[in-house]
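Below you'll find the structure, written out as structure tokens, and then a few comments.
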Amino acid sequence: MAGFLLLPLLTTLVYSFANRWLTILPEGFTLQNYVLTLTNQKFMMGILRGMIISVIPVLITNVSVLLALFVVIVYLPQMERWYRFCV
């Protein structure tokens, strides 16, 4: 992968630790931005909600696919060749 594609991510990471950035390089580094963000109750609730929203569809999809595979393999063995073709 080309290094220039990672440059915006690296710049954002350095900027997140910067105390002040008025010139080409930051003038100081601090963890205060992370402390403020990770101690913010609304931010943490948003992260929790996002994780729940992303885990529930994955679980539903996995269960439905497993049930469909069970039905095809146990009750419809003639469809198993189509299943093997799709996989």
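Heads up: numbering here begins at 1 and tracks the sequence. Both backbone and side-chain heavy atoms feed into the values below; hydrogens, waters and symmetry mates do not.
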Solution key, residues 19-29 side-chain donor-acceptor pairs under 3.5 Å, sequence neighbours excluded:
unit_1 : atom_1 : unit_2 : atom_2 : d
W21    : NE1    : T23    : O      : 2.9
W21    : NE1    : I24    : O      : 3.3
T23    : OG1    : L25    : O      : 3.0

Using atom types as modelled, flag every donor-acceptor pair under 3.5 Å from a side chain in residues 35-42 to any protein atom, sequence neighbours excluded.
unit_1 : atom_1 : unit_2 : atom_2 : d
T37    : OG1    : N33    : O      : 2.8
T39    : OG1    : V35    : O      : 2.6
T39    : OG1    : L36    : O      : 3.4
N40    : OD1    : K42    : N      : 3.1

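- Residues L31 and F17 have side chains in contact (heavy-atom distance under 4.5 Å, counting atoms from C-beta outward).
- Note on Y34 and V14: same hydrophobic cluster, where clusters join Ile, Leu, Val, Met, Phe, Trp and Tyr whose side-chain heavy atoms are under 4.5 Å apart, directly or indirectly.
- Judged as a ring-ring contact (aromatic ring centres under 6.0 Å, His included), and not counting sequence neighbours, F43 has no contacts.
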Determine all donor-acceptor pairs shorter than 3.5 Å in which one atom belongs to a side chain in residues 52-64; sequence neighbours excluded.
unit_1 : atom_1 : unit_2 : atom_2 : d
S54    : OG     : G50    : O      : 3.1
S54    : OG     : M51    : O      : 3.0
T61    : OG1    : P57    : O      : 2.8
N62    : ND2    : V58    : O      : 3.4
S64    : OG     : I60    : O      : 3.1
S64    : OG     : T61    : O      : 2.9

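- Listed by chain and number, the residues in a side-chain hydrogen bond (donor to acceptor under 3.5 Å, both in side chains) with Y15 amount to none (sequence neighbours excluded).
- Interatomic distance, CG of L6 versus CG of L10, reported as 8.0 Å (0.5 Å rounding).
- Judged as a salt bridge (Lys or Arg N to Asp or Glu O under 4.0 Å), not a single pair has a partner in residues 58-70 (not counting sequence neighbours).
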